[in-house]
Amino acid sequence: MYLVEVVLPLPLHQTFSYLSDRFILPGVRCIVPFRNSRLIGIVLNCELAEENLIKNSPFTYKEVEEVIDKEPIVPPKMFSFLEWVANYYLCALGLVYKIALPSGTFSLPKKRIFLTYQGKEALKKGDLPEVFSLIKTKGYEFKTFLRKAKLSSKELLKLKKQGLIEIQYYFPEVKIPTETFLRLKPNLSEEFIEKEEILRYVNRLKEVPEKVLKNLFSSKEVNKLIKKGFLERVEYLKMRKISMFMSVPEDYRLTSLQREVFFKIKERLDKGGFYPILLFGVTGSGKSLIYLEAIKEVLNQGKKVLVLVPEIVLTTYMEMLLLKHFKTDIAILHSGLSAGERFREWQRIVKGEVKIVVGARSAIFAPIEGLGLIVVDEEHDPSYKEENLSCKYNARDLALVRGNLENIPVILGSATPSIKTFYKAVEGKYELLVLKERPYTQLPEVRLIKHPGFKLITSSLKKAIDEELAKGKSVFLYLNRRGYAPLVRCEDCHHLWGCPNCGIPLTYHKEEDSLLCHYCGFELNKTLVCPVCKGTNLKFYRAGTERVEEELRKIFPEVEIIRLDRDSINTERKFLKIMEKIYQPIPKIIVGTQMGVHGHNFPEVSLVGVLRAEEGLFIPSYKAAERSFHLLTQAAGRAGRKTERGKVFFQTSLEEHYVIKYALTQDYESFYKEEIALRKAFLFPPFVRLAVIRIEGIKEEIVKQGSIKAKEFLEKIVEEEGLEGVWVIGPSPCPFRKLKGFYRWHILIKSESHKKINQILQIFLGRFMFKGLKINHDIDPEDLL
DNA sequence: AGCACGCCGACT
DNA sequence: GTCGGCGTGCTC
């Protein structure tokens, strides 16, 4: 007998062992009995076990019921990586597998029941009841058959043991949205093509969507050509459409500085081994060209590449870029794919059909074998941190871990590196490669406009916009706040509208004519009457992008105004439509939130105006300055690419603030110097490691009591374990004291040693309980909100 | 997680 | 007497 070790998708810190009479390949899924039901597990280990070893074990092992896959769906080489993740983030191994693998991996397949040859014979002889003729040919869905035949599943399993019936597992097929293109079959002669109009047309365009061709000519004629074998169908994912609006660099030659940087990377790639590199390059310095060269090198070595990008839309851009330069198979992995697409991409990767994988954070778990390089683009982006799942991992950090385990270089790229990464580079832990020059553009002309806050667009900014529009250029205005107005007040009694679930002020959205909570989605859209004094004298305070858009339409009635935020781009169709508009070569003003600064290159934008540059600096988080700096610098970086020198205007009431000062001139090093000094003085990362315990409940008093108890418990652990250099801070209410109806308190743990933090947390999570409270933890939190 | 087992309160 | 509340503990 074989003893099979299996991980199950449960929040348990253990694996389970089962018996099997046959060897099962590690990495393969199987169905196992668990309690009084069954679960899908993944085989981690399978070895022959002696009879008496099984007998003398403290467990009575159950048997593996069914093996699902023929080939592993997780390469066994990845086991140690996933185990590392579980240990580091203190998350049950089974849950790590659950988040790493495509959804549906652990959902029980449907069963279909068939008659075997013996079964058919038995039916002929009359040894089986007549209902079984139903499953003679095509089989039947298991449960439906049970009902029809009025049999219990036990009775059927008995028949299965006798070999009369057979049960097959199948996963309900999921449709993958594709589009069919038509192209010429190879080896058609030129003269032949010339004779037929449709073929000539296809020949000119190489690939034409079937629908378009049928509309242009006739369905009948096109079908005839397909039938005769002159045209063939090719299927593409629907997403390919986006490519039409995105321009990616085509032919390029590296500048001498770029070549120098690339040679340093090449040296590393040739040598092999784990090697983290920070590629620090300002916007427009050609980071993607360096990626391309490095990827080319790795592919030449016969190895594979994983490219992480922070956002789903950027995967499309990256895919286009890579497709343009490499004629190789690329897989895309991100949470926006349907279950079917994701599963298919996963299978392609496992089977080794793919050389490059591009994806958002979850792609760090891509089942690639033979990795030669990991690239993390826009390394500083907070989206690399998973916030919602049980395992709050950071894909950028995990890229380094995986790189270490696979013994390969990891390139972290950014124009504004995270403080943590830059610190490591300065300390010599990562190699720092700098791309300072912008081969196509000069640094923009910059200006600070002191702005007390009541006028949305100052006259100097208006004048500058006028000038650019007159030159036929476009303008980008950045304001990191969506909606119309973030505050609504009753002027009679000064009542301020807040969210009943979160207590945070509601934002007025004019398009929807409703008050929205940006944290829980609460919506108030009845006619607005003050709930306190019944007054209707409401006033909207401050501004979001919607209000800026309205204001601009008043000031510039003739000009095209485009708004880019989560409300205007909530579907792929809207995104495409807006992108199409942006790429039209007419002067326009684009108003956008951070959504608009993420990586999109707007053509012909020569002026960037930042409204309320101080917005975001007051968020009570140790990363507020860093994040603000990233966003402001990136907004500023949108100005004047490739064409003439751009202009950047910051409107702010806080012009002396170091973040604003250095973001305006895109001076990362000066910002870093100030920020790192603050981090050191107040003991925040990268000088300490951080973990936060968050305690949530319906009644604040109970949450408070529980938090105090938790703190006492933590201090006891610190004392009992004799740990030094560990600070347990709090408890205190979270900055957002109430969210989605739950009151929230937190306790912060700081230490220079991650090991010590984990030691405490592990004991705490295993033993501490408080009725009525949800307790979760976040290691290396991005946010303390 | 999810479910069974178990020990105390308010009901036909 | 019992129905059911959710605290506790286990799952190969």
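Labels below follow one simple rule: chain letters A, B, ... track the order of the sequence lines, proteins then strands, and each chain is numbered from 1.
Separation of the Tyr89(A) and His777(A) ring centroids does not fall under the 6.0 Å cut-off. The aromatic ring centroids of Phe114(A) and Phe132(A) lie 6.0 Å or more from each other.
Taking atom CZ of residue Phe34(A) and atom P of nucleotide dC12(C), one finds them 5 Å apart after rounding to whole Å. Separating the CZ atom of Arg38(A) from the P atom of dG2(B) is a distance of 17 Å, rounded to the nearest angstrom. What separates CD of Gln14(A) from P of dC10(C) is a distance of 11 Å, to the nearest Å. Glu47(A) has its CD atom 20 Å from the P atom of dC12(C), to the nearest Å. In this entry the distance linking NZ of Lys771(A) with C1' of dG7(C) reads 9 Å, nearest Å. We find that CE of Met769(A) is positioned 13 Å from C1' of dA1(B), with the value rounded to whole Å. In this structure, OH of Tyr61(A) is placed 12 Å from P of dT11(C), rounded to the nearest angstrom. Spacing between atom CG of Leu39(A) and atom P of dA1(B) amounts to 14 Å, rounded to whole angstrom units.
You'll find that the side chain of Lys62(A) is closest to dC12(C), out of dG9(C), dC12(C), dA1(B).
Among the protein residues, Ser57(A) comes within range of no part of the nucleic acid, since none of its heavy atoms lies under 4.0 Å from any strand. Contacts of Pro33(A) with the nucleic acid, taken as non-hydrogen atoms under 4.0 Å apart, involve only primed sugar atoms and P, OP1 or OP2. Among the protein residues, Leu12(A) comes within range of the nucleic acid bases, having at least one heavy atom under 4.0 Å from a base atom.
At most 12 non-hydrogen atoms from other residues, nucleotides or ligands lie less than 6.0 angstrom from CD of Glu752(A).
Within the cation-pi definition used here (under 6.0 Å to the ring centroid, within 45° of the axis), Arg396(A) does not qualify as a partner of Tyr384(A).
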